[in-house]
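The chains referred to below are lettered A, B, ... by the order of the sequence lines, with proteins before strands, and numbering in each begins at 1.
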Protein chains: 2
Amino acid sequence: MIYIAGMDEHTDQTRKPRADAVRNRERVLEAAKAVFNAGGPDASLEAVAKRAGVGIGTLYRHFPTREDLFEAVYRREVEQLSEFAEQLKNAKDPVDALRRWLHSGVEFVATKKGMVAALALAVQSGSELHAFSFERLTKAIGSLLERAAAAGAMRADVSPEDLLRAFFGMCYMHDQPGWQSSVLRMLDVFVDGLRVRPVAKANAHAARATKPATKRKR
Amino acid sequence: MIYIAGMDEHTDQTRKPRADAVRNRERVLEAAKAVFNAGGPDASLEAVAKRAGVGIGTLYRHFPTREDLFEAVYRREVEQLSEFAEQLKNAKDPVDALRRWLHSGVEFVATKKGMVAALALAVQSGSELHAFSFERLTKAIGSLLERAAAAGAMRADVSPEDLLRAFFGMCYMHDQPGWQSSVLRMLDVFVDGLRVRPVAKANAHAARATKPATKRKR
DNA sequence: TTGTTAAACGGAGGGTGCCTCCGTATCTTC
DNA sequence: GAAGATACGGAGGCACCCTCCGTTTAACAA
């Protein structure tokens with residue numbers, strides 16, 4: 001178990017956390033943020049330690065695995081994204097709300113090279129980010145999806161997990177020039193596909209196409 | 001310049017390529033295929049060399065960079081995928097043809113862990129695979145898209161590059177259980193979004209949504 | 001066959017990064 | 001100020017990357 005800096009005044013009879021430990025943790029976090037955003041998820045941890053002015057051992061004590069560090073760095077960002085979904089719950093057009101959320105996600109990713117990787121980790125299983133981010137973002141998308149489906153504006157056979165995966169997948173390919181507008185365009189196409197078909201003929205096609213995916217997942 | 005094994009009888013006054021060189025190249029390729037498919041794109045090249053029963057130096061002489069090896073391994077597979085698109089050109093329903101191609105792409109990826117990465121490389125710029133695979137696959141998708149658009153069945157504002165990116169993006173997240181059916185489902189939604197809207201109201205939405213992407217890309 | 005020579009082989013070695021371990025330094029508490 | 005808990009930091013062992021070059025071997029000619 002690792003102390004989270006500044007959680008509250010020392011609870012009961014535990015010692016006050018050491019000042020240098022708190023300081024170093026903060027330094028490492030800041031350095032990691034910079035290094036990951038610039039160099040992506042494979043950036044050298046030793047570089048992070050050096051930038052933080054800290055020994056490599058100290059880094060590893062605070063964050064035993066690479067993922068732990070990632071999680072700490074991007075937890076707040078994920079939270080922001082999630083909160084934005086909360087705000088959008090009051091939008092008039094629920095389909096448009098979903099679209100707007102996705103778009104803001106793209107913008108979010110645009111400035112942070114490490115962010116995509118962090119979110120990709122969230123989507124894949126096994127990592128620690130999974131527990132936090134995945135659940136958080138799934139819930140965020142889920143609430144948007146649900147509202148749209150309840151309003152009858154959108155098909156109901158797509159799970160939040162599906163959507164999350166599709167979204168980050170698209171963002172993952174973000175090294176080309178012009179990736180951003182391309183992704184936005186693709187997301188629009190995608191959201192259009194989610195919209196409930198107003199005409200029977202189109203529905204027939206959709207039904208046939210969706211057949212191969214037998215189970216609703218999990 | 002590296003000799004491609006068995007291209008033809010030695011052209012003019014060049015020496016016949018050495019037998020051991022040809023043999024080793026083949027061995028390395030086979031080993032690399034196995035190792036990459038199993039361990040993904042970050043697999044150890046030294047493991048490849050060992051599996052091939054060859055010194056690490058030999059591996060590097062034949063394939064100076066990791067990407068070169070990747071390219072050699074997956075070139076044929078990409079070609080296959082591309083040829084399948086060619087066959088689909090004669091299908092009745094062009095939209096369905098596109099869907100089928102995408103589905104087969106998923107299947108293709110399913111058994112090859114390294115394949116996704118190879119294709120991701122193709123989509124990103126800089127790599128050598130770019131020149132070959134990207135162009136090839138873009139052309140494959142392009143022909144399908146074009147036919148569908150010409151038939152008036154599909155919107156014309158999505159480029160083959162966009163689609164390629166979206167496709168591989170979705171496949172990139174393929175470590176979860178059940179990823180395959182999820183991706184298939186998402187692709188269907190996506191293709192539905194591509195379909196030309198039969199009703200004015202829906203079209204209005206689509207037009208509004210597509211607005212942010214101002215340019216046709218590049 | 002045998003000799004010549006270009007070509008290919010393979011692995012040692014220098015570099016970087018990962019992570020662990022533990023002697024040393026520093027902080028908190030009394 | 002002393003004691004004890006806690007954190008520091010970097011040396012060290014490991015794995016991988018890639019290059020370089022002395023040694024081997026296959027192709028060709030005589």
Would you say [N] has OP1 or OP2 under 4.0 Å from some side-chain N or O of [X]?
X       : N      : result
B/His62 : C/dC9  : yes
A/Thr58 : D/dA7  : no
A/Arg66 : C/dC18 : yes

Positions of residues 28-43 of chain A (non-hydrogen atom under 4.0 Å from DNA chain D), listed by number: none
Could you state the [atom1]-[atom2] distance from [X] to [N], rounded to the nearest angstrom?
X       : N      : atom1 : atom2 : value
A/Tyr60 : D/dA7  : OH    : C1'   : 18 Å
B/Leu69 : D/dC17 : CG    : C1'   : 14 Å
A/Arg23 : C/dC27 : CZ    : C1'   : 11 Å
B/Arg61 : C/dG10 : CZ    : C1'   : 8 Å
B/Arg27 : C/dC9  : CZ    : P     : 10 Å
B/Asp20 : D/dA26 : CG    : C1'   : 6 Å
A/Arg15 : D/dA5  : CZ    : C1'   : 5 Å
B/Arg18 : C/dA8  : CZ    : C1'   : 4 Å

Sequence neighbours excluded - side chain to side chain donor-acceptor pair (under 3.5 Å) pairs with any residue from residues 34-55 of chain A: A/Asn37-A/Tyr74
Pairs meeting criterion side chain to side chain donor-acceptor pair (under 3.5 Å) with involvement of residues 138-149 of chain A, two or more places apart: A/Glu135-A/Lys139
Audit row: B/Arg155, A/Asp192, salt bridge (Lys or Arg N to Asp or Glu O under 4.0 Å) steps and yes/no: CA-CA 12 Å; B/Arg155 54 157 91 181; A/Asp192 274 2; 2.6 Å; yes
Sugar-phosphate, base or nothing in reach of A/Ser44, heavy atoms under 4.0 Å: sugar-phosphate
Ring-face cation of B/Lys112 near B/Phe108 (centre distance under 6.0 Å, axis angle within 45°): yes
Check ion pair A/Arg23-A/Glu26 (N to O, under 4.0 angstrom): no
Exceeds 12 heavy-atom contacts within 6.0 angstrom, atom CD of A/Glu30: no
A/Trp101 (side chain) donor-acceptor with A/Leu81 (main chain) under 3.5 angstrom: yes
5'-most by nearest nucleotide on DNA chain D - A/Gly53 or A/Glu46: A/Gly53
Given C/dT28, D/dC18, C/dG10, the nucleotide with the shortest approach to the side chain of B/Asn24: C/dG10
Nearest-nucleotide pick for A/Ile56, side chain only, options being C/dC19, C/dT26, C/dA12: C/dC19
